[in-house]
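Here's the structure, in structure tokens; my notes come after.
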Amino acid sequence: MNTSNAIEMRHISKRFGKVSNTWANDDITLSIRKGEILALLGENGSGKTTLMNMLSGIYFPDAGTIYVNGQPAVISSPRDAFNLGIGMIHQHFKLVDVLTATENIILGLEGRLDRKKASQKIRSICNEYGFDINPDQKIYDMNVSQKQTVEIIKVLYRGADILILDEPTAVLTPQETERLFAVLRSMRDNGKTIVIITHKLSEVEELSDRVAILRHGKFIKDVPTAQTTAQELTDLMVGHPVSLNIERPAPVDPQTRLEIRHLSVKDEEGVLKLDDVSFTVNSGEILGIAGISGSGQKELLESIIGLYPLESGEIVFHNPKKNRPVTFTHKSLKKIKELGAADTFHDTNMVPVSFEGMSDKEIIRWVETGDVLFNEDEIVDLRYKTPQEIRELGIRMAFVPEDRLGMGLVGNMDITDNMMLRTYRKGHAGLLDRKTPREQAEQIIENLDISTPGTNVPVRRLSGGNVQKVLVGREITFSPKVLMAAYPVRGLDIHSSYTIYDLLNKQKKAGVAVIYVGEDLDVLLSLADRILVLCSGKVSGIVPGPEADKQKIGTMMTQTGGASNA
Amino acid sequence: MHNSKHRDSLLHISRRGALRWYYAWLIRGLAIALALLVCALITTLITHLDPMAVFSSIFSASFSTPRRTWVLFQNIAMLLGVALALIPAFSMKFWNLGGEGQMLAGGLASAACMICFKDIFPGWLIIVLMVVSCLVAGAVWGLIPAFFKAKFHTNETLFTLMMNYVAIQLVSYFIIIWEVPKGAGKIGIINQSTMKGWLPSVAGQKYLLNIIIAAVMTVLMYVYLRYSKHGYEISVIGGSVNTARYIGIKVDRVIMRTMVLSGALCGLIGMLLVGGTDHTLTTSITGGRGFTAVMVAWLAKFNPVWMIATSFLLVFLEKGSGEISTNFGLNQSFSDILTGIILFFILGSEFFIQYRLSFRHSSK
């Protein structure tokens, strides 16, 4: 037995449900060495978390043996794991909001409750590793990074010397990530063993000593990080060569599609969330929006689609109608007569149409031939309009919100019913038509390569990447004119992320005006044609994508007016 | 070191995938069989009675005479009706605990029609008025908490619960006004001689009309929730209010609309009780159905068709409990114990449908 290994997992297998033939973990043999930082890399659903959950006592392997410090161990509960010195920090924090940090940390421990002594011990752990939290602060007063720190201290307090972190940076800002990595390095230097579950290559390269790759529940390879490249890791993870370059096709014939003028909004407490924001969005281009999380991105997108009340300002949509036929789909006869009198139409020979002296019947017949055309694009004021009213005007705006299952989809409904969200009102009777949505669902499952047992599976059972594909797929099905996406690749693995970038580019090429709110500056810089930088609700500048500089944008994110407008 | 590796076997709980329906029902059937076995054991141990005699008396409470069977089905129909009225609200996570009050409001309105119009209008017109007024009264009783929830975010659970007590007080007040004879404190049978406002009996069966109405309601509610646009909006709101806003559903309006429906249907059941079976009005005419129906709905996971089974079960057990306490001179509490055991097993079986237990020998 090799005693330099903190943990050895031998021939570990696990599957969920006797019926399914897919193994979450299939005969995995993996060793974790003492005093190293091991990155466990793999796409969503490759079995990383499942494997680590067996170390932390949440799941129990169906087959195989785990050795801790050379001794065979049975880990059937988190308590067993703690007794063996293994602690796991989960992706979703497990803290009680109304308790203080100290109370959370000592929660569930046996023995007499001595808050003072516990506080002291916590402070000494903080000093040792350079954590900056107040043990007497309530959890609900903490930000995400502080909550994560509490989780880490909780594990250290229980004397863990093997720490497992499940995608710890998913919720952190770049600066917070830096700080976390520094802490993890100092822990390693103190002799702790650290496993970090991730699918971000930059983190693997920056932090880990060794990297182990899983794919489809199988162990693929482990290599010292220094001896590998991002490209090699990606190929191993995905199973076939992947191009890591993001395309940026040149915009074709950009036309103003959306104009935001002096927009200001306040939240329920009266705090100014957007302050005099002005910009335009063009068809056939991707406008990237950069900014520290909470700088007004959410409010901006929601006010455009009519979900957020405006304080002041204008939102104007240019509906591409030039030389296109007038229809009765979104306009009444009365409205068409008014527009006709205002010289807005011409016929196929470019002769102005005014409907003068014509009966209603004749007008209807003429319009229905499709020979009455618009002179110019239609200018629509979107201020104070609800999403429903905007749709009734025939304006197709797609929105992929940040909170996919909480806002874009309904987790308990199947794909078909989620497809219907946008279109269920169609048809005159009070009953639903599920036939078309089911066909659309089958279509997007095929086109976007969504892995699901069928169209009648609740979407919350799908993996993160597939949930996002369902949402984006639905939003582009009805060929929108504007597509807004908030953090569309958050929590997605490389493969799914690139699928999403691809989809956005396809929409761009089809002439859609795309707004992309992102957090990864590298991606924004290589995907967006222009980048708008938000800082505390103000526009601190708009920079052309190909010329943008990461450093400069980083500065603009933290101070307004630091750069010129483009 | 003496650590946990010496444990011989482990109890291991894991989530099941989708179970085939017949397998799920097999588990439920087994649970009922086990429950009956435990009931039998406890009966013999505590009361020294023959468990078979106790069981057969539970059974005979519902099936020994045609009349008893009709009463059983009447009770099922009424309980099912209230549960059906509640599920549209429950499906959008609006916890309407005001079924009692909404039924009383409907019952009060129909009793008012029977009493106030008995000398003015013919019987058929009174019935028409009863139907309209019970729907309106129930709807209003449901709309009030919905309005406050939609506009001011009040807690609907407390609000609907409080509305029950308002309704009870209101009914008590009118009972004193309409009491016959003066000072009796009750109304007695309304229009006993003229039978005005009494719902007609179908095929000579007093209860058949109510049963038919409940059956029709079941089908309509199933279609409404599964296949109508309204039902779809309700389940979107139940799933996520933010998603509903995002796609442009007017959440406030749907909440109020759905509670109007829920309240109106409760009101209808109140009318069926007053006009169809009891022909009088008391504060206890609802028999706690507004609350029992909550259990019926939850046990069936808001599925209208399963609710037929759960309401049958609850009514059957209740009738059986009453019967054994009189037949064997047992305390009412004893029959409650039996009911409790049976419900415990049925609810417990859901755990085994969701999760799988396996015993595993640890590898050495």
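Letters A, B, ... are given to chains in the order of the sequence lines, protein chains preceding strands, and every chain is numbered from 1. Everything numeric in this text was worked out from a predicted model, so none of it was measured.
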Tell me, out of B/Ile249, B/Val241, B/Val223, who's got the most heavy-atom pairs with chain A below 4.5 Å.
B/Ile249
Ion pair present between B/Lys301 and B/Glu350, side-chain N to carboxylate O less than 4.0 angstrom?
yes
Quick check on A/Leu421 against chain B: is it the side chain, the backbone, both or neither that has a heavy atom closer than 4.5 Å?
both
With chain B, the option among A/Arg391, A/Met413, A/Glu389 that has the most non-hydrogen atom pairs under 4.5 Å is A/Met413
For the residue pair B/Ser262 and B/Asn96, confirm or rule out a side-chain donor-acceptor distance under 3.5 Å.
yes
Here's one to test your reading of the geometry: is the NZ or CZ of A/Arg396 within 45 degrees of the ring axis of A/Phe478 and under 6.0 Å from its centre?
no
Positive for side-chain contact (heavy atoms from CB on, under 4.5 Å) with A/Leu30, one of A/Ile7, A/Leu51, A/Asn25, A/Ile12
A/Leu51
For A/Tyr384, I'd like to know if atom OH has over 12 heavy atoms of other residues, nucleotides or ligands within 6.0 Å.
yes
Does any non-hydrogen side-chain atom of A/Ile75 lie less than 4.5 Å from one of A/Leu84?
yes
Contacting region of A/Asp417 [heavy-atom separation from chain B under 4.5 Å]:
both
By a 4.5 Å heavy-atom criterion (distance strictly below it), what part of A/Leu405 contacts chain B: side chain, backbone, both, or neither?
backbone
Flag the one option from A/Gly306, A/Gly411, A/Pro401 with the top tally of heavy-atom pairs under 4.5 Å to chain B.
A/Pro401
Among the listed options A/Glu302, A/Met420, A/Gln388, the residue most often paired with chain B at heavy-atom distances under 4.5 Å
A/Met420
